[in-house]
Amino acid sequence: MKMARLFLFFSLSVSGCAQTAPSSKEVDAAYPAARAFYLDLHQFPELSSHEIRTAAKLAARLRDLGYTVTEGVGGTGVVAILRNGAGPRVMLRTELDALPVEEKTGLSYASKVHAQDDSGYDVPVMHACGHDLHMAALVATADIMAHSKESWHGTLMLIGQPAEETITGAKKMIDDGLFTRFPKPAMGVALHVGNELPAGKIGITPGIYNTNADSLRITIHGKGGHGAAPQETIDPIVIAARMILALQTIVSREVKPGEMAVVTVGYIRAGTKNNIIPDKAELGLTVRTYKTDVRQQVLAAITRIAKAEAVAGGAQQETLIEHYESTDSVYNDPGLAERLRTPLEAALGKQNVVATGPITPSEDYAFFVEQGVPSLYMSLGGADPQKYAEAKSTGVRLPSNHSPYFAPDVDPALHTGVEAEVAVLRNLLNGASQ
């Protein structure tokens, strides 16, 4: 009798999970519009905090589907609510922004957009991080959920977040009343596409998903003059060059071997002409860590080295170090990750839901988690399966996110993203009332 009850319970559990998976008919009905939306977004990307066209198009799509939509939250953020009786409150989030990268994919729908960045520079713009695919998946998911209200109950909250690439958008939305003006969700879901997995697969990482991130700007003040008379100057470019090399010793010589830390100098800006030594040089750094103590150690070492190299170079004005962006690592609730593995396996197949380890890129979704929204942030496979297999066998790495050659294999990846999102939302929106 006991075995029979266990079998019945298992059967009902499997049946319930299978019912959360969207049917091929549902996905096929929503997919063409979502793919067209993706192609449009990819061709017309917008920089962080300037996602005016993107936000308007996303808001219009969701409004047409019957969602109550509010625009301009935290800048260009979009909040869309669909209420369907009593039940849990669940959030699904996507990002809106693109990157200052010149696209070199050769795709027929490649971006040719240029824009002025916040520093006044003319820069190329590209969706080099897959946010266009994330938005397209959310739109198709929103469509399926709106047309299948019999399959769930509660409140679905869709978030179009600006400025993820500058790790400022989530905080701006929160500061603008995201969880006070609107119903605070009991749980949250998001995903990110990349070439670390082949298209068709989803990765789940319980616990720490990614890294803490800190953005620093270092301004070195020298004394300009003629390039042919360097003895009359204090050359900030030479100081910057020494500083860049010295900063690399932090990870190799100060952080305990085995601990994760990254110090990258992403840009150096100095000078206007080959025979003029400028007055100043500016470095832009990104710092990534997992642990709080390592984070503090690395930031302190950067400050020490930057100031010391300037003094060693004879700088007469103290080096300016600005810590202008930061976010903590995203933490995936282990219980939620375990719960959602089952509906994901039912929707995609057990072989297509894989365990993955923490990654080194960062993400400001952490601000939502810190507000008390337990979440699952999933990894979505984006690599062409054949190219992925070839890369594995040859050791040649595929283009990563932020590369001018990054181009996810859209049709398998977008299908999988939609199926995964619908499956987890239906599972979460069939729980107890919150």
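All heavy atoms count here, side chains included; hydrogens, waters and symmetry mates do not.
- For the side chain to side chain contact (heavy atoms under 4.5 Å, CB included) criterion with Pro22, the lone passing option out of Val418, Val27, Asp28 is Val27.
- Contact annotation: the side chain of Thr303 never approaches that of Leu299 to less than 4.5 Å [non-hydrogen atoms, C-beta and beyond].
- Counting non-hydrogen atoms of neighbouring residues, nucleotides and ligands closer than 6.0 angstrom, the NZ atom of Lys184 exceeds 12 such neighbours.
- Residues Leu376 and Ile204 form a side-chain contact, since some pair of their non-hydrogen atoms from C-beta on lies under 4.5 Å apart.
- Remark: Arg253 CZ is loosely packed, at most 12 non-hydrogen atoms of other residues, nucleotides or ligands lying under 6.0 Å away.
- Considering every non-hydrogen atom in both His134 and Cys129, the closest pair reads CE1-O, 4.1 Å.
- Between Arg269 and Glu282, at least one side-chain N (NZ, or NE/NH1/NH2) sits under 4.0 Å from a carboxylate O, which counts as a salt bridge.
- Contact check for Met135 versus Thr54: side-chain heavy atoms found under the 4.5 Å cut-off.
- We find that Glu370 and Lys171 are not joined by a salt bridge, their nearest charged nitrogen and carboxylate oxygen being 4.0 Å or further apart.
- Taking the side chain as every heavy atom from C-beta outward, Leu398 and Lys387 approach each other to under 4.5 Å.
- The nearest pair of heavy atoms linking Ala98 to Val125 is CB-CG1, 3.9 Å.
- In this structure, Arg35 fails the cation-pi test against Tyr31, since its NZ or CZ atom is not both closer than 6.0 Å to the six-membered ring centre and inside 45 degrees of the ring normal.
- Considering all non-hydrogen atoms of both residues, Val123 and Asp117 come closest at CG1-OD2, 3.8 Å.
- Within the 4.5 Å cutoff, the side chain of Lys172 has no heavy atoms near those of the Asp176 side chain.
- Side-chain polar atoms of Thr360 and Thr211 form no donor-acceptor pair below 3.5 angstrom.
- Separating the CG atom in Leu65 from the CG atom in Leu82 is a distance of 9.0 Å, to the nearest 0.5 Å.
- A heavy-atom distance below 4.5 Å is found between the side chains of Lys201 and Asn352.
- Between the Asp409 side chain and the Gly382 main chain, no donor and acceptor come within less than 3.5 Å of each other.
- Across Ala80 and Tyr67, no two heavy atoms sit closer than the pair CB-CB, 3.9 Å.
- Checking Ser151 against Arg426 by side-chain atom types alone, a donor-acceptor pair falls below 3.5 Å.
- Side-chain atoms of Tyr267 and Arg217, non-hydrogen and from C-beta on, do get closer than 4.5 Å to each other.
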What's the verdict on side-chain contact (heavy atoms from CB on, under 4.5 Å) for Leu58 and Leu41, showing C-alpha distance, side-chain angles and the deciding distance?
-> CA-CA 10 Å; Leu58 179 64; Leu41 294 172; over 6 Å; no
CA sep, side-chain torsions, deciding dist, call: Asp97, His131, side-chain contact (heavy atoms from CB on, under 4.5 Å) = CA-CA 7 Å; Asp97 55 338; His131 296 178; 3.2 Å; yes
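- One N or O on the side chain of His147 and one on the backbone of Asp143 form a donor-acceptor pair closer than 3.5 Å.
- A donor-acceptor pair shorter than 3.5 Å can be found between the side chains of Arg288 and Thr286.
- Note that OG of Ser326 is 6.0 Å distant from CD1 of Ile167, once rounded to the nearest 0.5 Å.
- Annotation for Gln386: atom CD does not count as buried by contact number, only 12 or fewer foreign heavy atoms lying within 6.0 Å.
- A distance-only check finds a donor-acceptor pair linking the side chain of Asp364 to the backbone of Ala170 [under 3.5 Å].
- Screening Ile144, Thr20, Thr141, Asn430 for a side chain to side chain contact (heavy atoms under 4.5 Å, CB included) involving Leu425 leaves a single residue, Thr141.
- A pairwise comparison of heavy atoms in Leu380 and Leu191 identifies CD2-CD1, 4.1 Å as the closest pair.
- When atom types are taken as modelled, the side chain of Glu46 and the backbone of Arg53 share a donor-acceptor pair closer than 3.5 angstrom.
- When atom types are taken as modelled, the side chain of Thr76 and the backbone of Pro162 share no donor-acceptor pair closer than 3.5 angstrom.
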Check the pair Val354, Ile202 against side-chain contact (heavy atoms from CB on, under 4.5 Å), reporting the backbone distance first and the verdict last.
-> CA-CA 6 Å; Val354 299; Ile202 284 281; over 6 Å; no
Residue pair Leu178, Ile159: steps toward the side-chain contact (heavy atoms from CB on, under 4.5 Å) verdict = CA-CA 9 Å; Leu178 178 61; Ile159 304 294; 3.6 Å; yes
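- Taking the side-chain hydrogen bond (donor to acceptor under 3.5 Å, both in side chains) definition, one finds that His192 meets it with nothing, sequence neighbours left out.
- Interatomic distance, Met157 CE to Leu92 CG, rounded to the nearest 0.5 Å: 11.5 Å.
- Side chain of Arg339 to backbone of Asn427: a donor-acceptor contact under 3.5 angstrom is found.
- Shown here for Ala142 and Leu158, the closest heavy-atom pair between the two residues is CB-CD1, 3.5 Å.
- Rounding to the nearest 0.5 angstrom, the gap separating the CD1 atom in Ile305 from the CG atom in Leu245 is 11.0 Å.
- The closest donor-acceptor contact from the side chain of Ser111 to the backbone of Met126 lies at 3.5 Å or more, if one exists at all.
- Within a 6.0 Å sphere centred on CZ of Arg63, other residues, nucleotides and ligands contribute more than 12 heavy atoms.
- For the residue pair Glu165/Ser48, the side-chain donor-acceptor check at 3.5 Å is not satisfied.
- Using a cutoff of 4.0 Å between basic side-chain nitrogens and carboxylate oxygens, Glu363 and Arg93 are scored as salt-bridged.
- Using a 4.5 Å heavy-atom cutoff, the side chains of Tyr377 and Asn210 are not in contact.
- Remark: Asp118 CG to Thr166 OG1 distance equals 8.0 Å, nearest 0.5 Å.
- With Asn332 contributing its side chain and Thr205 its backbone, the two residues share a donor-acceptor pair below 3.5 Å.
- Phe368 and Tyr365 have perpendicular rings, their planes meeting at more than 60° on a 0 to 90° scale where under 30° would count as parallel.
- Taken to the nearest 0.5 Å, the CD atom of Glu103 stands 8.5 Å off from the NZ atom of Lys112.
- Glu390 places no side-chain N or O within 3.5 Å of a backbone atom of Tyr388 that could act as its donor or acceptor partner.
- Asp132 contributes no side-chain N or O that, together with a main-chain N or O of Pro45, makes up a donor-acceptor pair within less than 3.5 Å.
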